Novice: 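One structure, pasted below without further comment.
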Amino acid sequence: MLDSKQLRADAAGVAANLARRGFTLDVAAFNALEERRKAAQIESDRVRAERNANAKAVGIAKGRKEDPTALLARAEELTRQLEASDTAINAVQAELDDLLLGIPNLLHESVPEGRDESANQEMRRWGEPRKFDFTPKDHVELGEQLGGLDFESAARISGARFAVLKGGIARLHRALAQFMLDLHTGEHGYTEAYVPYLVLGPALQGTGQLPKFEQDLFKVPVAGAESSFYLIPTAEVPVTNLVRDSIVDAKDLPKKFVAHTPCFRSEAGAAGKDTRGLIRQHQFEKVELVHIVKPADSYAALEELTSHAEKVLQKLELPHRVVALCAGDIGFGSAKTYDIEVWLPGQNKYREISSCSNCEAFQARRMQARWRNPETGKPEPLHTLNGSGVAVGRALVAVLENHQNADGSITVPAALRPYMGGAERITGN
RNA sequence: GGAGAGAUGGCCGAGUGGUCGAAGGCGCACCCCUGCUAAGGGUGUAAGGGCCAAAAGCCCUUCGAGGGUUCGAAUCCCUCUCUCUCCGCCA
């Protein structure tokens, strides 16, 4: 959520920034609501102050054995007034919250202009797409030939957008996740976290998925309870919420977490898109990186986090490029995002395998996640960042397609062999 | 699932209807004294919001959450959540 002080002080500037993403901020509506809220709060505070003073006077009068009848009459009147002013303030506040929670984050000045992904800016490339002396297959064909990728069974069990992995490919999938965790904890200084996969609404509101994007989530009702669980769409949700409602000591920053979790997405708006293979599933695994940092450090942290995700692909010998998302393509809560795209020979193009975002204070404000700034002595919002390090399912796709051989077998990249019992190749069962 | 106990400020912990946002301690910050290795004294120290150009100051809210009783609730009542102990069950 945006800083409402900034919104009040510079509504036009905020609106101009949001317009870059194609979001129209109704400044007049905000100002009107804010005026109403302020008036209601002043009135409510005034009545409450009088009621408090009056109640105190009653106590004092009784202590002195004086007659409190007049004070009591006034008190009843004040209580009635208070009910009215509370109703008014609650109504305005609810409207204002709705408005504020639906406004996306401000963009960093370095974000390129543009309406859609065609305007994204390539920052760098690593590796050369391999020249095949045979026609490379895509991962679906490779996986089915190897007997390790079974979409038919998955469809029977759970319908579309699920997969069953078996044998060497299932192990490769597991190996990828283990490898990434070990790399990030061992070489990049992350603390591993194991977190809940079912979360409550406030956690999702903290990271920005709620209230606006409920249709993207799987909701799990609990018998007899009024609140439901949601399946996490990314580990970003439980991990970033580790600092919700807390004031972190400056000496404990930065915090860097890595977590491997399944992710669940309803893909409500993606009908017909990427229906082939493992690219877009309802359930997939991801290794997620989260940084909790001082505001002054967050852009350096974004570069660092992105480089950590790239390192995974480099060790797996997977050609890739880094792209700065343009204004119109950037996610709701992010101020700046780099996507990492891996080369997929089966599709003959680069496909997203990681998305690294600096959310600045956007999530921190929603979560009340703060640090005590030694310079001011005051609690101030932290900056939060997250990025995939990387998506395991898509990494599996990339390994299969990039390291395939003419006979349909897969060469296991050296970095993964320790996790594969030393195996150098995956062949059919 | 059953029975019981609890939830108060960064931490510990007092507080059962009225100047309680809350004693005391720890921690932290600053100051003073002393200076023979370790202490002694003082002051300050929650968050969120509002009025104000700003500071000062003042006001409101918050004692797990929500509701209720009351002129007035940390304190009484109800519901819920979480934690701990014992029993049951279980990976």
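Side chains included, hydrogens not; waters and symmetry mates left out as well; all remaining heavy atoms used. Residue numbers start from 1 in every chain, and the chains themselves are labelled A, B, ... in the order their sequence lines are given, proteins ahead of strands. The model shown is predicted, which means the values in this text are computed figures rather than measured ones.
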Novice: Measure up the A:His188 and A:Tyr190 rings against each other and bin them: parallel (under 30°), tilted (30 to 60°), perpendicular (over 60°).
Specialist: perpendicular
Novice: Using side-chain contact (heavy atoms from CB on, under 4.5 Å) as the criterion, point out the one residue from A:Asp339, A:Val390, A:Val392 that pairs with A:Ile353.
Specialist: A:Val390
Novice: To the nearest Å, how far apart are A:Leu78 CG and B:U70 P?
Specialist: 16 Å
Novice: Report the C-alpha distance between A:Glu236 and A:Gln363 in whole Å, list the side-chain angles of each, state the deciding distance to 0.1 Å, and finish with yes or no for side chain to side chain donor-acceptor pair (under 3.5 Å).
Specialist: CA-CA 11 Å; A:Glu236 170 197 343; A:Gln363 296 180 323; 2.7 Å; yes
Novice: Could you report the tightest heavy-atom contact between A:Val397 and A:Ile279, atom names first, then the distance?
Specialist: CG1-CD1, 4.2 Å
Novice: Write down the partner of B:C52 under the Watson-Crick or G-U wobble criteria, each distance required to be under 3.5 Å.
Specialist: none
Novice: Are A:Tyr338 and A:Gln121 close enough that a side-chain donor and a side-chain acceptor fall under 3.5 Å?
Specialist: no
Novice: Which part of the nucleic acid does A:Leu71 contact within heavy-atom distance under 4.0 Å: base, sugar-phosphate only, or nothing?
Specialist: nothing
Novice: Checking base pairs now: Watson-Crick or wobble, both atom distances under 3.5 Å. What partners B:C30?
Specialist: B:G42
Novice: Answer yes or no: is there an ion pair linking A:Asp249 with A:Lys251, defined by an N-O contact shorter than 4.0 Å?
Specialist: yes
Novice: Decide, yes or no, whether a salt bridge links A:Arg351 with A:Glu401 under the criterion of side-chain N to carboxylate O below 4.0 Å.
Specialist: no
Novice: Can you check the A:Glu76 CD to B:U69 C1' distance for me, whole Å?
Specialist: 14 Å
Novice: Which is true for A:Arg365 with a 4.0 Å heavy-atom rule: it touches a base, it touches only sugar-phosphate, or it touches nothing?
Specialist: nothing
Novice: What nucleic acid atoms does A:Pro68 come within less than 4.0 Å of, heavy atoms only: base, sugar-phosphate, or nothing?
Specialist: nothing
Novice: If I pick the P atom on B:C63 and the same atom on B:A56, what distance separates them, to the nearest angstrom?
Specialist: 26 Å
Novice: Let me know, please, whether A:Leu72 or A:Lys5 comes out on the 5' side of the other along RNA chain B by nearest nucleotide.
Specialist: A:Lys5
Novice: Using a cut-off of under 3.5 Å, enumerate the N/O to N/O pairs linking the protein to nucleotides 16-23 of chain B.
Specialist:
from, atom 1, to, atom 2, distance (Å)
B:G18, O6, A:Lys62, NZ, 3.3
B:G18, N2, A:Ala55, O, 2.6

Novice: Write down the distance between CG (A:Leu100) and P (B:G49), rounded to a whole number of angstrom.
Specialist: 13 Å
Novice: What does B:A22 pair with, Watson-Crick or G-U, if both distances are under 3.5 Å?
Specialist: none
Novice: Give one of base, sugar-phosphate or nothing for A:Arg37, where a contact means two heavy atoms less than 4.0 Å apart.
Specialist: sugar-phosphate
Novice: How many whole angstroms separate atom CD of A:Gln368 from atom C1' of B:A65?
Specialist: 16 Å
Novice: If I take atom CE in residue A:Met367 and atom P in nucleotide B:G48, what distance separates them, rounded to the nearest angstrom?
Specialist: 15 Å
Novice: Counting only Watson-Crick or G-U wobble pairs whose two distances fall under 3.5 Å, which nucleotide matches B:G66?
Specialist: B:C78
Novice: Quick check, are the ring centers of A:Phe362 and A:Phe332 under 6.0 angstrom apart?
Specialist: yes
Novice: Any strand is fair game: report the nucleotide pairing with B:A5 by Watson-Crick or G-U wobble, both distances under 3.5 Å, or none.
Specialist: B:U83
Novice: Without decimals, in angstroms, what is the distance between A:Leu200 CG and B:G64 P?
Specialist: 20 Å
Novice: Would you list the protein and nucleotides 52-62 of chain B atom pairs, both N or O, that sit under 3.5 Å from each other?
Specialist:
from, atom 1, to, atom 2, distance (Å)
B:C60, OP1, A:Asn52, ND2, 3.3
B:C60, O2', A:Asp45, OD1, 3.1
B:U61, OP2, A:Asn52, ND2, 3.3

Novice: Can you tell me if A:Arg8 touches the phosphate of B:G50, counting only side-chain N or O atoms and a distance under 4.0 Å to OP1 or OP2?
Specialist: yes
Novice: Answer yes when A:Arg46 and A:Glu50 have at least one side-chain N-carboxylate O distance shorter than 4.0 Å, and no when they do not.
Specialist: yes
Novice: My understanding is that a pair needs two contacts under 3.5 Å, Watson-Crick or G-U wobble. By that rule, which nucleotide pairs with B:A91?
Specialist: none
Novice: What integer distance in Å separates A:Arg74:CZ from B:G72:C1'?
Specialist: 15 Å
Novice: With a 4.0 Å limit, can you tell me whether A:Thr79 has a side-chain N or O closer than that to the phosphate oxygens OP1/OP2 of B:G72?
Specialist: yes
Novice: Taking NZ, NE, NH1 and NH2 as the nitrogens, is one of them in A:Glu267 or A:Arg280 under 4.0 Å from a carboxylate oxygen of the other?
Specialist: yes
Novice: How long is the line joining CD of A:Glu83 and C1' of B:G68, in whole Å?
Specialist: 12 Å
